[in-house]
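Only heavy atoms go into these numbers, but all of them, side chains included; no hydrogens, no water, no symmetry mates.
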Amino acid sequence: MRFQALQDSGKRTHIEVEETGRRSELFGKNVFNEERMLQFLTKEAFEKVKSAIFQGTKIDRKIADQVAEGMKAWALSVGATHYTHWFQPLTGATAEKHDAFFDILPDGRAMEKFGGAQLVQQEPDASSFPSGGLRNTFEARGYTAWDPTSPAFVYKTTLCIPTIFVAYTGEALDNKAPLLRALHAIDEAATGVAQYFDKNVRKVYATLGWEQEYFLIDKALAKSRLDIVMTGRTLVGASAAKGQQLDDHYFGVIPSRVLAFMSDLEKQCTKLGIPVKTRHNEVAPNQFELAPVYEEANLSVDHNLLLMDVMEEIADKHNFMVLFHEKPFAGVNGSGKHNNWSLETDTGVNLLSPGSTPMKNLQFLTFFVNTIKAVDTYEELLRSSIASASNDHRLGANEAPPSILSIFIGKQLSDVLDELEGVSKGKLSPEEKTELKLNVVGKIPEILLDNTDRNRTSPFAFTGNKFEMRGVGSKTNCAKPMTILNTIVAKQLTDFKKEVDALIDKKNLKKDEAVFNVLREYIKTSKRIRFDGDGYGQEWKDEARKRKLSNNKNTPEALQILTAKDSIALFKDMAVMSEVELKAHQEVELEAYVLHLQIEGRVLEEMVYGHIVPSAIAYQNVLLENVNGLREVYGAAHKKFAESQLNILEQIGEHIVAIKKLTDEMTMVRKRANGLSTINKKAQSYCDNVKPYFDTIREQSDTLEKLISDNLWPFTKYRELLFAK
């Protein structure tokens with residue numbers, strides 16, 4: 001299979017992609033956006049949908065019927081035959097159940113039918129989706145409900161309607177419902193604070209710009225590897241002589257096959273309203289990145305999930321397999337998905353960008369310091385949002401941030417915060433006000449001109465007008481980190497406003513004096529989270545321990561915080577998730593962790609017994625035939641000619657014994673873990689007892705790969721996977 005795959009991949013040429021005009025003309029062609037709504041909806045329905053999107057008002061049944069009729073007419077006009085509620089169950093992927101517009105009337109005639117009831121709600125069978133105990137298997141009902149804030153779109157021949165997914169008892173069974181609640185919380189909290197500086201602000205949006213890293217591997221080569229097909233990563237494989245050490249792939253010329261794939265992908269994304277903008281080679285061979293223009297966070301999350309679905313389909317068309325696993329290849333960089341987050345008002349102001357006046361810069365400092373304070377208070381919770389079995393391979397490696405949360409803001413902004421620490425308690429003197437406004441706050445825009453981010457190891461960095469969360473894995477649904485980040489910042493801004501209002505009402509401080517006073521305390525109490533150095537070394541780990549920052553190195557440890565008393569109180573106060581939902585989501589995440597490692601263990605076992613050991617024995621037989629042949633020719637003198645062969649025979653024999661012993665042990669340990677009573681114990685056992693075997697078995701396999709004749713090794717090698725163009 002390996003050599004047939006190499007032969008097939010060697011014949012590939014790039015597939016021509018038809019040019020279909022300017023991107024601006026194609027953008028949103030297959031989206032039921034404002035332009036289509038104006039065309040296909042009544043004025044009343046259009047206004048109600050806009051109100052639902054921007055004010056969160058409910059849409060009644062009459063209007064839903066009107067919207068459904070207009071949406072159906074548009075969808076049919078662009079070739080749709082079916083519709084589906086497109087949702088995000090806790091599997092980490094998207095889900096859909098297609099129904100035809102086609103229906104039969106009582107008199108036997110056929111017609112295209114789609115009404116408000118079908119638009120607003122569906123009832124898919126929820127029994128096979130993870131629920132974390134929110135419902136019994138026999139209570140299969142789950143409901144999908146229309147999310148009007150994310151526009152419907154047509155993909156191929158299906159009208160896709162973005163929806164939330166809830167249990168029949170109302171609890172969230174997906175990642176979108178908690179995100180929408182968190183975005184509502186940040187809107188309310190941030191709007192209240194923004195009105196200190198501009199009374200015209202009526203709404204604040206969280207924005208998100210993600211950067212999607214991925215590997216592209218020739219389809220035939222990828223399918224020749226059992227581990228890639230079943231787990232998304234290589235469980236064995238010796239490093240190629242050349243990897244990424246020459247840095248010759250990074251930002252290099254994009255190979256023609258890949259460029260054709262990217263062009264085709266961008267065309268499809270443009271039609272679907274995904275504003276992809278940047279594409280380039282990444283650090284590792286056959287690794288690439290694309291990034292869009294930032295958008296409102298909910299829409300951005302939907303677009304990232306849709307993009308990943310479209311990428312897999314377009315990759316297949318171009319004879320590639322796209323790998324989103326965070327660490328598909330040992331020894332080269334893994335893949336992340338940096339989440340660039342900010343807050344923007346309905347008046348068009350980025351709250352994390354300084355302005356032209358001291359008051360606008362005080363607004364920037366307010367949201368800047370409150371974000372730092374929120375991350376400091378809830379750093380362990382934020383760490384939990386990026387935890388997964390696959391991302392554990394990447395976090396803490398030299399190409400990714402460490403698992404210890406810290407914030408990089410740069411020396412210039414650190415100096416500004418140090419200055420603000422010295423603000424007087426209570427009322428400010430006229431001289432102090434002038435000094436702050438002119439020489440501290442007033443100079444922030446000039447400072448930021450040179451405040452480029454030079455620290456690539458920071459998990460959470462300020463990069464000029466946004467914070468960049470770098471620990472997010474390439475497979476991760478951005479909804480998870482965005483739900484937690486927006487929740488903790490909403491909580492922090494809520495507390496901040498209470499403190500400022502109290503100083504204004506009870507201490508008779510002016511607004512800017514009260515803001516400075518509260519910010520001063522936050523700067524002092526959140527100092528431990530700020531770190532500008534190298535996050536990889538033991539020195540930072542020791543320093544982090546002194547600062548009492550958490551260091552949850554693996555997923556089972558990281559997820560425990562979700563059901564801590566403070567976490568439950570936080571999510572309840574912000575009306576984002578109930579205690580029942582938190583416990584269910586934690587259980588689902590732990591179950592997913594166990595299942596991923598369980599599958600990897602089983603696949604590794606199959607590879608060892610079914611492929612690696614037989615190949616090693618086959619090569620032993622070749623060597624034995626050679627030694628016996630030499631004996632027949634040279635008699636007793638054959639030993640001096642067969643010394644190397646006998647030495648290799650002995651080495652192979654030792655590694656066969658070792659790899660079988662380790663695999664047998666892993667299987668027994670895995671079975672013991674499976675028998676544990678709770679998911680917490682099971683996950684921790686897989687982490688502590690099963691997972692370590694993966695590396696020791698791999699060491700034996702990779703040594704055998706180097707010893708065995710190339711033509712007998714069953715698996716496509718790293719040099720073939722990573723350097724096929």
Side-chain angles (χ1 to χ4, degrees), residues 20-60 62-80 83-86 114-116 118-120 145-155 158-164 176 179-180 183-184 187 200-209 266-277 292-307 310 344-350:
T20 51
R22 294 181 178 180
R23 293 271 297 277
S24 57
E25 295 168 351
L26 280 179
F27 187 70
K29 180 181 176 183
N30 292 342
V31 181
F32 195 62
N33 53 22
E34 189 169 322
E35 182 183 340
R36 271 62 188 204
M37 286 194 285
L38 280 168
Q39 186 180 354
F40 285 90
L41 297 185
T42 64
K43 183 179 179 182
E44 181 187 22
F46 175 76
E47 293 298 333
K48 290 288 187 181
V49 172
K50 293 283 284 183
S51 178
I53 293 169
F54 295 106
Q55 277 82 48
T57 57
K58 291 187 177 181
I59 295 175
D60 62 34
K62 174 190 165 189
I63 296 300
D65 284 336
Q66 291 181 29
V67 174
E69 190 59 40
M71 198 181 283
K72 180 190 74 175
W74 167 74
L76 292 173
S77 74
V78 293
Y83 66 91
T84 183
H85 277 198
W86 185 74
F114 180 63
Q118 289 79 37
L119 167 65
V120 172
W146 176 35
D147 170 18
T149 63
S150 186
F153 56 91
V154 169
Y155 185 52
T158 304
L159 171 67
C160 301
I161 303 158
T163 60
I164 62 169
K176 181 187 264 280
L179 174 65
L180 290 173
L183 294 176
H184 177 69
D187 171 22
N200 295 316
V201 173
R202 291 291 174 266
K203 191 172 183 63
V204 173
Y205 303 92
T207 63
L208 168 65
E266 288 175 353
K267 185 175 75 171
Q268 298 302 323
C269 287
T270 302
K271 289 180 182 178
L272 291 165
I274 306 171
V276 292
K277 186 176 178 67
V293 178
Y294 74 90
E295 302 175 280
E296 184 275 325
N298 177 46
L299 181 58
S300 186
V301 168
D302 281 0
H303 277 165
N304 181 247
L305 290 168
L306 177 57
L307 169 98
V310 175
E344 190 171 294
T345 68
D346 58 346
T347 58
V349 174
N350 179 353

- Note: Val276 and Cys269 closest approach over all heavy atoms is CG2-CB, 3.9 Å
- Message: Heavy-atom count check: over 12 atoms from other residues, nucleotides or ligands less than 6.0 Å from Lys271 NZ?
- Response: yes
- Item | Value rounded to 0.5 Å, distance of NZ in Lys48 from NZ in Lys43 | 13.0 Å
- Lys203/Asp187 salt bridge by N-O under 4.0 Å criterion: yes
- Just say parallel, tilted or perpendicular for the rings of Phe40 and Phe32, cut-offs at 30° and 60°. tilted
- Audit row: Glu266, Lys277, side chain to side chain contact (heavy atoms under 4.5 Å, CB included) steps and yes/no: CA-CA 9 Å; Glu266 288 175 353; Lys277 186 176 178 67; over 6 Å; no
- Look only at the side chain of Thr345 and the backbone of Thr347, and say whether a donor-acceptor pair between them is shorter than 3.5 Å. yes
- Backbone of Val120 reached by a side-chain donor or acceptor of His85 within 3.5 Å: no
- Message: With side chain to side chain contact (heavy atoms under 4.5 Å, CB included) as the criterion, how do Thr84 and Ile161 come out once you've worked through the C-alpha distance, each side chain's angles and the decisive distance to 0.1 Å?
- Response: CA-CA 6 Å; Thr84 183; Ile161 303 158; over 6 Å; no
- Compute whether any side-chain donor of one residue and acceptor of the other, for Tyr294 and Glu344, lie under 3.5 angstrom apart. yes
- Query: Passes side chain to side chain contact (heavy atoms under 4.5 Å, CB included), Leu180 versus Asn298? Steps please.
  - Reply: CA-CA 7 Å; Leu180 290 173; Asn298 177 46; 3.6 Å; yes
- Take the angle between the ring planes of Phe54 and Tyr205 and call it parallel below 30°, perpendicular above 60°, tilted in between. perpendicular
- Message: Using the side chain to side chain contact (heavy atoms under 4.5 Å, CB included) criterion, which residues pair with Ala75? Sequence neighbours excluded.
- Response: Ala80, Phe101, Val154, Leu159
- Backbone N or O of Leu208 within a donor-acceptor pair of the Ser300 side chain at under 3.5 Å? yes
- Step by step, work out the side chain to side chain contact (heavy atoms under 4.5 Å, CB included) result for Leu272 and Tyr155. CA-CA 8 Å; Leu272 291 165; Tyr155 185 52; 3.9 Å; yes
- CD of Glu34 to CG of Leu41: how many Å apart, nearest 0.5 Å? 11.0 Å
- Ser51 side chain to Thr57 side chain, donor-acceptor N/O pair below 3.5 angstrom: yes
- For Thr163 and Lys176, which heavy atoms make the closest approach, and how far apart are they? O-CD, 3.4 Å
- Item | Lys/Arg-Asp/Glu bridge criterion (N-O < 4.0 Å) met for Glu69, Lys72 | yes
- Message: Using modelled atom types and a 3.5 Å cut-off, is there a donor and acceptor pairing between side-chain atoms of Arg36 and backbone atoms of Gly28?
- Response: yes
- On a heavy-atom basis, the closest approach of Ala52 and Thr149 is O-CG2, 4.4 Å
- Side-chain donor/acceptor of Asp302 to backbone N/O of Leu305, under 3.5 Å: no
